[in-house]
There are 2 protein chains.
Amino acid sequence: MNNKEKLRKAGLRPTKQRMIIADILLDGIDRHFTAENLQNEINSSGNSMSIATIYNCLKKFRNCGLIKQVESSKDTAIFDTNINQHHHFLDEETGELIDIENDEVNLRKLPKIPQGYLNNGVEVLIKIKKQI
Amino acid sequence: MNNKEKLRKAGLRPTKQRMIIADILLDGIDRHFTAENLQNEINSSGNSMSIATIYNCLKKFRNCGLIKQVESSKDTAIFDTNINQHHHFLDEETGELIDIENDEVNLRKLPKIPQGYLNNGVEVLIKIKKQI
DNA sequence: AAGTAGTTTAGAACGATTTTAAAGTAAAAA
DNA sequence: TTTTTACTTTAAAATCGTTCTAAACTACTT
Ligand SMILES: [Mn+2]
Ligand SMILES: [Mn+2]
Ligand SMILES: [Zn+2]
Ligand SMILES: [Zn+2]
């Protein structure tokens, strides 16, 4: 399925800007990035785009499930092209994230979901720090 | 140990402002809160404090291990008075966090920590959503 | 008591993100 | 195809959480 079809299937109009972003993000390579990182990639590809459009598109892509947003206490939003359920190592010093595939983690025991709620995904974060 | 002693032991001068905050936060009750939440509590207690001081104190308290900061993709920092290793339920709609005590979770399998790094804590986040 | 290092503060500044509103574009209707 | 409609992009302004600045203040040391 090409990117135009992916956008259509997600319910998004394949505009010029969304296609530029899809060409960068939906190439099957897993990556973590910020809005600014993406703008730099757009610029490097010989294109340009308003930062407002980049935020608009990232929000649409995320809400459609084409990308994810990582839970992180950094002040800048971090997005993730790996949309499979998976986990992360986090170096709190640098903010660097490393993927952990889902089958690398196995939970023996999980707490009871609160009354009236449904489980909507489990994420394991392993904080790491450089050895001294 | 009283709050003045707790601050001293943490290497912090027990100033009037830090004592006001310690009286609110270090009462043994686990809670999740923002800087603004705390300012409201300070105001309700008949005191007042500059928002800069509140941020200064929260950062000091966190760096001394008197409180924690939660990993969250919300745009406002969320702090936690539960400093034991523990986990959370997160309602992504509302941002509400609910503690999961450490013994409620059991990991059968953990990935190998990357070369040159040390494990610095494991956090499990269970995203939940309201049943419809 | 005097010195000094650390702390508080109001307000300015900052940086990430969102809003505004006008111009442009894609899809639908005619 | 033309027209209409809803959606999208944009630069610039606004917003909002947080940090910085620098002057006044306070806790601790000598
Ligand atoms: Mn965040
Ligand atoms: Mn911010
Ligand atoms: Zn990832
Ligand atoms: Zn907690």
Side-chain angles (χ1 to χ4, degrees), chain A residues 2-24 32-43 45 47-64 66-80 95, chain B residues 2-24 32-43 45 47-64 66-80 95:
Chain A
N2 65 29
N3 288 337
K4 187 172 279 193
E5 289 171 330
K6 282 184 194 165
L7 290 174
R8 282 235 157 78
K9 197 176 158 204
L12 299 178
R13 286 189 184 177
T15 64
K16 178 164 163 276
Q17 289 79 359
R18 287 173 186 164
M19 286 299 295
I20 290 168
I21 290 179
D23 287 345
I24 292 171
H32 304 115
F33 63 96
T34 65
E36 195 193 359
N37 294 156
L38 177 57
Q39 190 171 44
N40 290 337
E41 284 205 63
I42 291 167
N43 292 340
S45 76
N47 293 289
S48 75
M49 203 176 297
S50 159
I51 192 67
T53 302
I54 292 172
Y55 278 107
N56 288 344
C57 290
L58 287 174
K59 196 177 286 189
K60 290 275 189 186
F61 277 41
R62 181 196 42 173
N63 292 346
C64 292
L66 292 172
I67 62 175
K68 284 178 148 188
Q69 183 172 353
V70 177
E71 295 290 334
S72 149
S73 58
K74 296 202 64 195
D75 51 6
T76 306
I78 298 170
F79 296 89
D80 194 339
Chain B
N2 65 30
N3 287 338
K4 188 173 279 193
E5 288 170 331
K6 281 183 195 164
L7 291 174
R8 282 236 156 78
K9 197 177 158 204
L12 298 177
R13 288 188 183 178
T15 63
K16 177 164 165 277
Q17 289 77 3
R18 286 173 186 165
M19 286 300 294
I20 291 168
I21 291 179
D23 286 345
I24 292 172
H32 304 114
F33 63 96
T34 66
E36 195 193 0
N37 295 155
L38 178 57
Q39 190 171 45
N40 290 337
E41 285 204 63
I42 291 167
N43 292 339
S45 75
N47 294 290
S48 75
M49 202 177 297
S50 158
I51 192 68
T53 301
I54 292 172
Y55 278 107
N56 288 344
C57 290
L58 288 174
K59 195 178 285 190
K60 290 274 188 187
F61 278 40
R62 182 196 40 169
N63 292 345
C64 292
L66 293 172
I67 62 173
K68 285 178 148 186
Q69 182 171 354
V70 177
E71 296 290 335
S72 150
S73 58
K74 295 202 62 192
D75 51 7
T76 307
I78 298 170
F79 297 89
D80 194 338

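Just so you know, these numbers use all the heavy atoms, side chains as well, and skip hydrogens, waters and symmetry mates. Letters go in sequence order (proteins before strands), and every chain restarts at 1.
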> For residues 3-12 of chain B, which residues have at least one heavy atom under 4.0 Å from DNA chain D?
Replying inline: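 Those residues are B:Arg8.
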Only counting residues at least two apart or in another chain, list the ones meeting side chain to side chain contact (heavy atoms under 4.5 Å, CB included) with [X].
| X | value |
| --- | --- |
| B:Tyr55 | B:Ala35, B:Ile51 |
| A:Thr76 | A:Thr34 |
| A:Asn56 | none |

My understanding is that only residues two or more places apart in sequence, or in another chain, count here; which of them pass side-chain hydrogen bond (donor to acceptor under 3.5 Å, both in side chains) with [X]?
| X | result |
| --- | --- |
| A:Gln39 | none |
| B:Asn3 | B:Asp23 |
| A:Asn63 | none |
| A:Gln17 | none |

> Atom CE of A:Met19 and atom C1' of C:dA26: how far apart are they, to the nearest Å?
Replying inline: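 Taking CE of A:Met19 and C1' of C:dA26, I get 14 Å after rounding.
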>> Nearest whole Å is fine: how far is C:dT17 C1' from A:Glu36 CD?
In response: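 Distance check: A:Glu36 CD to C:dT17 C1' gives 13 Å.
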What's touching nucleotides 1-4 of chain C from the protein side, N or O pairs under 3.5 Å?
none

>> Let's see if you get this right: which residues in residues 51-63 of chain A place a heavy atom under 4.0 Å from DNA chain C?
In response: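 When residues 51-63 of chain A is checked for heavy atoms under 4.0 Å from DNA chain C, the hits, listed by number, are A:Ala52, A:Tyr55, A:Lys59.
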Using residues 7-15 of chain A as the side-chain source, report each donor-acceptor pair under 3.5 Å to any protein atom, sequence neighbours left out, with the distance given to one decimal.
unit_1, atom_1, unit_2, atom_2, d
A:Thr15, OG1, A:Arg18, N, 3.2

> Within less than 4.0 Å of OP1 or OP2 of C:dT25, is there a side-chain N or O belonging to A:Gln17?
Replying inline: no
> Which angle, to the nearest 10 degrees, lies between the helix axes at the two ends of the helix from C:dA1-D:dT30 to C:dA30-D:dT1, each defined by five pairs?
Replying inline: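 Taking five pairs per end, the axes differ by 30°.
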